[in-house]
Amino acid sequence: MFDLRPDPKSTPLDVSANEKPRSALLLAIAALVTILLWQLPLGSYLLYPFTILATWFHEMGHGLTAVLLGGYFQELVIDPAGSGFARYGGEVLLGRLGHALVALGGPLGPAIAGSIFILSSRSHRTTDICLKALGIVILASVFLWVRSLFGIVFMTGVGIAILLVASHGNHWFKGLSIQFLGVQACISTFQQVDYLFTYAIAGGQLSDTGLLQHYLWLPYWLWGALITVLTPGLLLWSLRVAYTRPR
């Protein structure tokens, strides 16, 4: 059996100096493999739990950005097939720029949050704080915004599992968990890479990058390219800092 009780002598990254680069590389490779599998016809089903989690990260990025800009988050829907949507309302600050930031919050917001999760693994205290905060935010989102039965059941289970790890996991396991969740947040926007380079989806609804073009005029494919560069950049930078800089 695995012993998940706290061990005061362990650290979140209990690996030798020689093993640290290898651990960071393995996390980066895991992220790349996940992204590649998502592009296969059966990829979303092979990685089903991560597919649902990626949808939650993406839609929460939209909704919370709207809240930060003075709007309100109406609902978040996740269906069993792995797709979902977020709806927000109210007047957001900054006019067209504010609406563009809400559109950008879906693909880029989770990468920023994921980088913070990974960086938090450098300290026992910040690891605990981030795990508990993430678990609480997930459960709060279920209560406040998630409006599909599947989403309620699945995300409630995820939130409880994260809080159990935060309460009963040892330092190594908690550090590994927050890093893994950080990686998943960072790469959530690549669940469908072609979506970033699509102007409109079924029904003529604009994609996130299509909305960015609508509000900020620069072409959608340029926004897609920018997000494609920034997201792995944030991931690799946070892994580098977490594993190579002194505590």
Side-chain angles (χ1 to χ4, degrees), residues 23-65 76-86 100-119 134 138 151 154-155 158 177-202 205-213 218-242:
S23 299
L25 179 61
L26 287 175
L27 282 170
I29 291 174
L32 179 60
V33 170
T34 300
I35 292 170
L36 292 175
L37 284 176
W38 267 334
Q39 311 317 307
L40 300 176
L42 295 178
S44 292
Y45 297 99
L46 292 173
L47 301 171
Y48 189 69
F50 308 132
T51 299
I52 303 301
L53 189 59
T55 299
W56 182 87
F57 276 126
H58 183 98
E59 304 306 341
M60 284 292 291
H62 287 307
L64 292 182
T65 303
L76 190 165
V77 173
I78 304 174
D79 66 45
S83 61
F85 64 87
L101 289 173
V102 174
L104 186 61
L108 194 58
I112 296 172
S115 295
I116 294 173
F117 296 162
I118 293 169
L119 293 174
L134 179 58
I138 289 175
F154 187 92
M155 294 313 301
V158 172
S177 297
I178 197 62
Q179 287 180 345
F180 178 77
L181 290 167
V183 169
Q184 290 301 312
C186 284
I187 66 173
S188 62
T189 193
F190 293 120
Q191 184 179 344
Q192 292 179 309
V193 173
D194 58 341
Y195 176 74
L196 294 174
F197 297 93
T198 301
Y199 179 72
I201 55 179
Q205 181 180 346
L206 295 182
S207 67
D208 293 337
T209 51
L211 287 169
L212 286 167
Q213 175 176 317
L218 293 176
Y220 70 92
W221 55 264
L222 183 59
W223 290 110
L226 182 63
I227 294 167
T228 301
V229 171
L230 285 177
T231 299
L234 284 168
L235 171 61
L236 294 174
W237 171 78
S238 60
L239 286 173
R240 179 176 180 274
V241 172

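Count residues from 1 along the sequence.
For the pair F190 and I227, the tightest heavy-atom approach, listed with the atom from each and the gap, is CZ-O, 4.4 Å. Among all heavy-atom pairs drawn from Y220 and F197, the shortest one is CE1-O, 3.3 Å. Contact between A242 and L119 at its shortest, heavy atoms only, is N-CD2, 4.4 Å. Across every non-hydrogen atom of Q184 and W38, the tightest pair is OE1-CH2, 4.2 Å. Residues A100 and L212 come closest through the heavy atom pair O-CD2, 3.3 Å. Taking every heavy atom of both residues into account, S188 and P110 meet most closely at OG-CB, 3.5 Å.
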Evaluate the criterion side-chain contact (heavy atoms from CB on, under 4.5 Å) for residue pair I52 and W56; output intermediate values, then yes/no.
CA-CA 6 Å; I52 303 301; W56 182 87; 5.9 Å; no
Show, in sequence, the C-alpha distance, side-chain angles and deciding distance for M155 and L53, and conclude whether the side-chain contact (heavy atoms from CB on, under 4.5 Å) test is met. CA-CA 8 Å; M155 294 313 301; L53 189 59; 4.1 Å; yes
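To the nearest 0.5 Å, atoms CG (L234) and CD1 (I187) are separated by 13.5 Å. In this structure, OG1 on T65 lies 8.0 Å from CG on L104, to the nearest 0.5 angstrom. To the nearest 0.5 Å, atoms CD1 (I29) and CG (L36) are separated by 11.5 Å. Here the CG atom belonging to L206 is positioned 8.5 Å from the CD atom belonging to Q213, to the nearest 0.5 angstrom. The CG atom of L211 sits 12.5 Å away from atom CG of L101, with the distance rounded to the nearest 0.5 Å. Taking CD1 of I112 as the start and OG of S238 as the end, the distance is 11.5 Å to the nearest 0.5 Å.
The side-chain heavy atoms of L46 and T51, taken from C-beta on, include no pair separated by under 4.5 Å.
Side chain of T231 to main chain of A111: no donor-acceptor pair is present (N/O by atom type, distance under 3.5 Å, no hydrogens or angles). Distance alone, capped at 3.5 Å, is enough to place a donor-acceptor pair between the Q39 side chain and the V193 backbone. Side chain of T209 to backbone of L196: a donor-acceptor contact under 3.5 angstrom is found. Judged by distance alone, with hydrogens and angles left aside, the side-chain atoms of Y195 form no donor-acceptor pair with the main-chain N or O of T189 at under 3.5 Å. Distance alone, capped at 3.5 Å, places no donor-acceptor pair between the Y199 side chain and the P219 backbone. Within the 3.5 Å criterion, the main-chain N or O of G82 finds a donor-acceptor partner in the side chain of T55.
For OH of Y48, the number of neighbouring non-hydrogen atoms (other residues, nucleotides, ligands) closer than 6.0 Å is greater than 12.
In this view, S177 satisfies the side chain to side chain donor-acceptor pair (under 3.5 Å) rule with no residue, not counting sequence neighbours.
The aromatic rings of H62 and H58 sit perpendicular to each other, their planes meeting at more than 60°, with 30° as the lower class boundary.
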